[in-house]
Engineer: 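Pasting a structure below so you can have a look.
In what follows, residues are counted from 1 in the order of the sequence shown.
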Amino acid sequence: MKRRVFLKSSAAFLAFSGQLVTAQDVPDLSLLEVARVLRDQPYAANTTPLSAPFADLDYDAFRGIRPIDGVTANLPHGDRFAVDLLPPGLYFPDPVKIDRMTQGGLQEIAFSPKAFTYEPRYFDDIPETSPGAGFTGMRLRYPLNKADHMDEVLVMQGASYFRAIGQAMAYGLSARTVAVGTGGPTPEEFPRFVHLRLHPADGDAVRLEGVIDSPSLTGHLDLTLYPGRNTEMEISTTIFPRVDIADVGIAPLTSMYLKGPMLSAVSDDFRPRVHDSDVLVVQNGAGEYLWRPIANPRGVETSAFADVSPKAFGLYQTARQYEDFQDTEARYHDRPSATVTPQGDWGAGAVMLIELPTGDEFMDNIVAFWRPQEPLVAGREYRFDYRLTWTLDLPDLGDLPTIVQVRSGREHDRPGYRRFVIDVATPAQETMLVASASDGAEVTGASTFPLPGQDATRMTFLFSPGDLEAAEIRVSLRGADGTPRSPVWLHRWTPARDGGV
């Protein structure tokens, strides 16, 4: 890449937090340069169809393609990591250029169909070449749970998706580099990785870069991975809009929620819960902790939690016992939560929650992300820094207790009312319940009492929607002096969510 081309393409832009990024800040060969220059080129979608042996595969045939050990699997990367390179096919048709920075310089990894083995029942002779095909992502391994076993710790494959786990976890929710048009009236756009770069490992940490491309934007992902009991990521995402973008999603998390205690009849099977996450937790710029349960709605529902300089938000799995799910295979109780901790001032905007209807557990139907208040402007540059943590821990609520469970049901002796009970892991001494709902709805009979044999409090109230078809409910436990004794529990009532009144 010629330096004068780079300087011309980056003459004027806006960086996050008011800090301008100059050419002197970008090292040679940085993929940040590639993303910046690519923004000024016309978008070129991949229109080359896959050819044999990767074309027209079903799920079983695709799983029958396996990387070869020492060729495309378990490639040593430093003393603590190994790399697998992933094949095309099924949901992953688009090639991704993959290279590594080594002591000898930049090394691109060449693709060949002969770099994989193929289950004979699904495949005949394997050609030497497959025009249009390439690697579609990478998987990193690390000795998470045993010193002599290289566990999977990170997968980057499909659009701009990536997901990770820590110790004793099973894969669950995913992250993305950026979301565009999610939950909006127009079709969602899925920017995709076109280039991934793996940097030399530094002990128990490793840095990766990625370039993403789409009709509306290009972008650069800079990710440093720290595997462990909790797996941490330090991330910088830089976005280069080709057009003005009002419906962007920063640090998006994607998950699945089918059923839970609030409305288990949505799916008729033996398990009491089926979900990767069950609550959105937000620590807003005002210092409040918001606890918003997730649902499987009848139609698309969008919630916006307006804020300035959010401190953290994440999708959490709060049920952590096998008995909560009764599923020995899916291991939902071992699936990670993920929390985003912004670094620097993200300004005004909103944490967005998109809930989509689903009839099974195989579709991700929950998305949470940050949306800046002002649209991203074409020709400028925006950078967002944050920490992403994959954990089995309960949400960090500061000094506040966690919410243990929530249930609701019809109040049969008062038609038109529904009773909610919210159990909080704190004593009930000298506390009061503060509850409110949308204008036109009614909250009555709010009270608290200690749970027998437990150091916990039950908050309970009756709710009537009146003539409303949807209503927002806000509940918190306060001390006698008005100080918070619980996170703020938020809920959107609809007949489809709660079974009517």
Side-chain angles (χ1 to χ4, degrees), residues 257 259-264 271-275 277-284 287-295 312-326 332-337 339 391-412 417-437 443-463 472-493 497-499:
Y257 185 96
K259 61 178 285 189
M262 287 286 283
L263 190 62
S264 60
R271 297 167 295 180
R273 296 173 178 263
V274 181
H275 51 71
S277 310
D278 61 348
V279 65
L280 168 70
V281 176
V282 179
Q283 184 185 6
N284 63 24
E288 287 185 312
Y289 291 90
L290 309 180
W291 184 287
R292 169 60 153 77
I294 294 167
F313 66 90
L315 293 176
Y316 278 83
Q317 184 82 306
T318 62
R320 285 299 178 197
Q321 302 301 316
Y322 162 75
E323 291 76 15
D324 294 322
F325 297 92
Q326 298 285 324
Y332 286 113
H333 59 290
D334 289 332
R335 300 199 175 193
S337 305
T339 186
T391 182
L392 295 177
D393 295 341
L394 289 172
D396 181 0
L397 301 173
D399 296 331
L400 299 179
T402 190
I403 291 177
V404 178
Q405 70 164 346
V406 180
R407 294 180 181 272
S408 75
R410 290 181 178 177
E411 191 76 355
H412 294 290
Y417 285 83
R418 189 168 192 86
R419 179 169 293 280
F420 285 83
V421 295
I422 307 167
D423 295 344
V424 186
T426 186
Q429 300 169 353
E430 299 182 354
T431 57
M432 59 182 176
L433 179 60
V434 179
S436 62
V443 171
T444 187
S447 62
T448 64
F449 56 88
L451 290 177
Q454 302 181 46
D455 194 15
T457 298
R458 172 157 291 182
M459 305 186 290
T460 183
F461 59 92
L462 292 176
F463 166 78
E472 303 289 343
I473 307 172
R474 179 183 175 96
V475 177
S476 63
L477 193 65
R478 299 273 173 174
D481 59 356
T483 57
R485 295 289 184 86
S486 77
V488 178
W489 182 82
L490 303 173
H491 183 66
R492 172 174 292 171
W493 173 88
R497 280 176 178 266
D498 298 306

Engineer: Would you confirm whether T457, through its side chain, and V424, through its main-chain N or O, come within 3.5 Å as a donor-acceptor pair?
Structural biologist: no
Engineer: Between CG of L290 and CD of Q283, what distance do you get to the nearest 0.5 Å?
Structural biologist: 9.5 Å
Engineer: Please round to the nearest 0.5 Å and tell me the distance separating atom OH of Y322 and atom CG of D334.
Structural biologist: 12.0 Å
Engineer: Do F325 and V274 come within less than 4.5 Å of each other through their side chains, counting heavy atoms only?
Structural biologist: no
Engineer: Does the side chain of T460 come within less than 4.5 Å of R419's, by heavy atoms?
Structural biologist: yes
Engineer: Between A435 and V475, what is the shortest heavy-atom contact and its length?
Structural biologist: CB-CG2, 3.9 Å
Engineer: With a 4.5 Å cut-off on side-chain heavy atoms, are P487 and I403 touching?
Structural biologist: yes
Engineer: Taking atom CD as the centre, does E323 end up with more than 12 heavy-atom neighbours from other residues, nucleotides or ligands that are less than 6.0 angstrom away?
Structural biologist: yes
Engineer: Could you grab the distance from atom OG of S476 to atom CH2 of W489, nearest 0.5 Å is fine?
Structural biologist: 12.0 Å
Engineer: Side-chain contact, heavy-atom cut-off 4.5 Å: P395 with Y289?
Structural biologist: no
Engineer: Minimum heavy-atom separation for T426 and P401, please, with both atom names.
Structural biologist: CB-CG, 3.6 Å
Engineer: Hey, what do you get for CG (L477) to OG1 (T483), rounding to the nearest 0.5 Å?
Structural biologist: 9.5 Å
Engineer: Are the side chains of R478 and P484 in touch, meaning some heavy atoms are under 4.5 Å apart?
Structural biologist: yes
Engineer: Decide yes or no for D396 and T339: does some side-chain heavy atom of the first lie under 4.5 Å from some side-chain heavy atom of the second?
Structural biologist: no
Engineer: Check the pair L490, E472 against side-chain contact (heavy atoms from CB on, under 4.5 Å), reporting the backbone distance first and the verdict last.
Structural biologist: CA-CA 7 Å; L490 303 173; E472 303 289 343; 5.9 Å; no
Engineer: Rounded to the nearest 0.5 Å, what's the gap from CZ on R485 to CE on M459? Could you check?
Structural biologist: 13.0 Å
Engineer: Which heavy atom of L392 sits nearest to which heavy atom of P336, and what is that distance?
Structural biologist: CD2-CA, 4.4 Å
Engineer: What pair of heavy atoms forms the shortest contact from V281 to W291, and how long is it?
Structural biologist: CG2-CE3, 4.0 Å
Engineer: Taking all non-hydrogen atoms of both residues, which atom of M432 and which atom of G479 are closest, and how far apart?
Structural biologist: CE-O, 3.6 Å
Engineer: Between the main-chain N or O of H333 and the side-chain N or O of R320, is there a donor-acceptor pair closer than 3.5 Å?
Structural biologist: yes
Engineer: Check whether any side-chain heavy atom of S486 sits under 4.5 Å from a side-chain heavy atom of L400, and report yes or no.
Structural biologist: no
Engineer: How about F420 and H491: are their ring centres within less than 6.0 Å of each other?
Structural biologist: yes
Engineer: Ignoring hydrogens and angles, tell me if any N or O in the side chain of D278 forms a donor-acceptor pair with the backbone of T318 under 3.5 Å.
Structural biologist: yes
Engineer: Tell me the closest heavy-atom pair linking D455 and P427, and the distance in Å.
Structural biologist: OD1-CG, 2.9 Å
Engineer: Does any N or O in the side chain of Q317 come within less than 3.5 Å of the main-chain N or O of H275, such that one atom is a donor and the other an acceptor?
Structural biologist: yes
Engineer: Distance check, rounded to the nearest 0.5 Å: W493 atom CH2 versus R418 atom CZ?
Structural biologist: 9.0 Å
